[in-house]
Amino acid sequence: MRQRSCLNTLPSTLPTIAAYHDLGMSGPRAVHHLTGGKILATDARLKKWFTAEQLKVMREAVEDHRASASRSPRSIYGKIVAEADRDLDTDIVIRRTIQFGLAHYPQLDYEGQYRRFKEHMDNKYSKDGYIKLWIPNSPNATRLNNLRNLIAQPAELRKAFDRIFLEVSGER
């Protein structure tokens with residue numbers, strides 16, 4: 001039986017990539033995308049269903065999904081997984097950023113948490129931030145634009161931080 005090309009296996013390829021994309025989180029987060037790619041590439045069971053070429057494209061898609069990647073994903077599969085891996089709802093981004101700060105920088109007081117939060121928001125999500133989207137006009141593009149508009153209004157960003165920080169921490 002002849003195996004199909006990568007582009008003809010989108011229905012089975014994409015769920016497989018999605019299933020493997022964060023398996024590397026069992027190790028250091030900074031390289032989880034590379035670890036996940038290695039796990040996919042060395043899973044002997046996949047060789048029953050996919051060609052070597054398909055596995056290569058799938059591994060690259062897992063490796064390319066990282067938000068801080070310095071280059072565009074190498075295939076449409078990487079673009080789809082990278083896009084799907086982003087949750088850019090404004091309140092969710094703010095909440096996660098605050099939760100990260102509280103968990104990893106507990107020594108910071110309220111103002112220190114805000115400064116760390118603001119710096120992260122600027123570095124990652126502002127118009128000059130490192131996050132990139134690869135599918136034009138996607139729902140994520142609209143959400144990122146909303147987030148960028150909020151970041152560009154410091155007083156409104158502070159109000160959102162104050163509101164969500166109180167919800168998350170129960171204190172101010």
Side-chain angles (χ1 to χ4, degrees), residues 14 17-38 40 57-172:
L14 220 66
I17 297 165
Y20 281 78
H21 87 280
D22 272 348
L23 286 183
M25 292 295 275
S26 60
R29 182 176 186 82
V31 294
H32 83 278
H33 56 299
L34 301 174
T35 305
K38 287 176 188 170
L40 183 144
V57 170
M58 292 164 62
R59 178 183 185 161
E60 289 173 352
V62 168
E63 293 171 350
D64 292 349
H65 86 277
R66 179 90 189 214
S68 59
S70 60
R71 60 175 163 69
S72 172
R74 293 169 271 189
S75 70
I76 187 63
Y77 299 100
K79 290 176 182 178
I80 291 168
V81 173
E83 187 86 11
D85 200 40
R86 315 273 185 272
D87 190 342
L88 296 175
D89 174 82
T90 298
D91 279 4
I92 290 172
V93 169
I94 292 170
R95 182 172 285 102
R96 286 181 175 170
T97 305
I98 291 169
Q99 289 170 330
F100 183 91
L102 290 170
H104 291 87
Y105 303 96
Q107 74 281 7
L108 295 177
D109 65 7
Y110 184 75
E111 287 306 314
Q113 290 290 343
Y114 180 72
R115 283 190 300 274
R116 193 212 64 79
F117 162 84
K118 175 83 169 79
E119 181 178 339
H120 176 74
M121 297 297 282
D122 287 338
N123 289 339
K124 184 171 184 178
Y125 299 106
S126 73
K127 67 178 180 58
D128 297 320
Y130 65 79
I131 194 168
K132 303 284 186 268
L133 298 178
W134 308 110
I135 301 177
N137 304 313
S138 71
N140 272 343
T142 300
R143 291 183 196 106
L144 182 56
N145 189 52
N146 292 340
L147 190 54
R148 286 176 171 165
N149 287 338
L150 180 63
I151 292 167
Q153 301 174 62
E156 293 304 311
L157 181 63
R158 181 61 190 242
K159 284 181 194 175
F161 172 85
D162 292 344
R163 174 178 54 83
I164 294 173
F165 189 91
L166 183 59
E167 290 172 16
V168 169
S169 69
E171 63 181 77
R172 184 166 175 198

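- Geometrically, R158 engages Y114 in a cation-pi contact defined by less than 6.0 Å to the ring centre and at most 45° from the axis.
- In this structure, the side chains of I17 and R59 stay at 4.5 Å or more apart for every pair of heavy atoms.
- With E60 contributing its side chain and Y77 its backbone, the two residues share no donor-acceptor pair below 3.5 Å.
- Here the side chains of D122 and I151 are in contact, with some heavy-atom distance below 4.5 Å.
- Closest of all the heavy-atom pairs between S169 and L102 is CB-CD1, 4.1 Å.
- How far CG of D91 is from CG of L147: 10.0 Å, rounded to the nearest 0.5 Å.
- Proximity of a side-chain donor or acceptor of N123 to a complementary backbone N or O of E119 within less than 3.5 Å is detected.
- To the nearest 0.5 Å, atom OH of residue Y105 and atom CZ of residue F100 are 5.5 Å apart.
- Heavy atoms from other residues, nucleotides or ligands lying under 6.0 Å from CG of N137 number 12 at most.
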Problem set entry | Derivation of the side chain to side chain contact (heavy atoms under 4.5 Å, CB included) call for L133 and L144 | CA-CA 9 Å; L133 298 178; L144 182 56; 3.8 Å; yes
Problem set entry | side chain to side chain contact (heavy atoms under 4.5 Å, CB included) evaluation trace for I94 with F165 | CA-CA 9 Å; I94 292 170; F165 189 91; over 6 Å; no
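- Across every non-hydrogen atom of P73 and G78, the tightest pair is CB-C, 3.5 Å.
- Considering OG1 of T90 and CG of N146, their distance stands at 5.5 Å, rounded to 0.5 Å.
- Note that CD1 of I98 and NE2 of H120 are 11.0 Å apart. Values are rounded to the nearest 0.5 Å.
- Taking a cutoff of 4.0 Å between a charged side-chain nitrogen and a carboxylate oxygen, R95 and E167 qualify as a salt bridge.
- You'll find the side chain of R148 reaches within 4.5 Å of the side chain of I131, heavy atoms only.
- R143 places no side-chain N or O within donor-acceptor distance of the main-chain N or O of D89, the cut-off being under 3.5 Å.
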Exercise. Are M121 and L150 close enough, and set up right, to give a side chain to side chain contact (heavy atoms under 4.5 Å, CB included), and what steps lead you there?
Worked result: CA-CA 10 Å; M121 297 297 282; L150 180 63; over 6 Å; no
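- With hydrogens and angles disregarded, a donor-acceptor distance shorter than 3.5 Å links the side chain of N140 to the backbone of E83.
- Of the possible donor and acceptor atoms, one in the side chain of R116 sits under 3.5 Å from a partner among the backbone N and O of T97.
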Exercise. Given the rule in the side chain to side chain contact (heavy atoms under 4.5 Å, CB included) test, do I76 and W134 qualify, once you have shown the distances and angles that lead to the verdict?
Worked result: CA-CA 9 Å; I76 187 63; W134 308 110; over 6 Å; no
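- D87 places none of its side-chain heavy atoms less than 4.5 Å from the side chain of V93.
- How far CG of N145 is from NZ of K127: 12.5 Å, rounded to the nearest 0.5 Å.
- Of the residues listed (R74, K79, K132), the one engaging D64 in a salt bridge (Lys or Arg N to Asp or Glu O under 4.0 Å) is R74, and it is the only one.
- Aromatic ring centroids of Y110 and F161 lie under 6.0 Å apart.
- Around atom NZ of K118, more than 12 heavy atoms belonging to other residues, nucleotides or ligands sit under 6.0 Å away.
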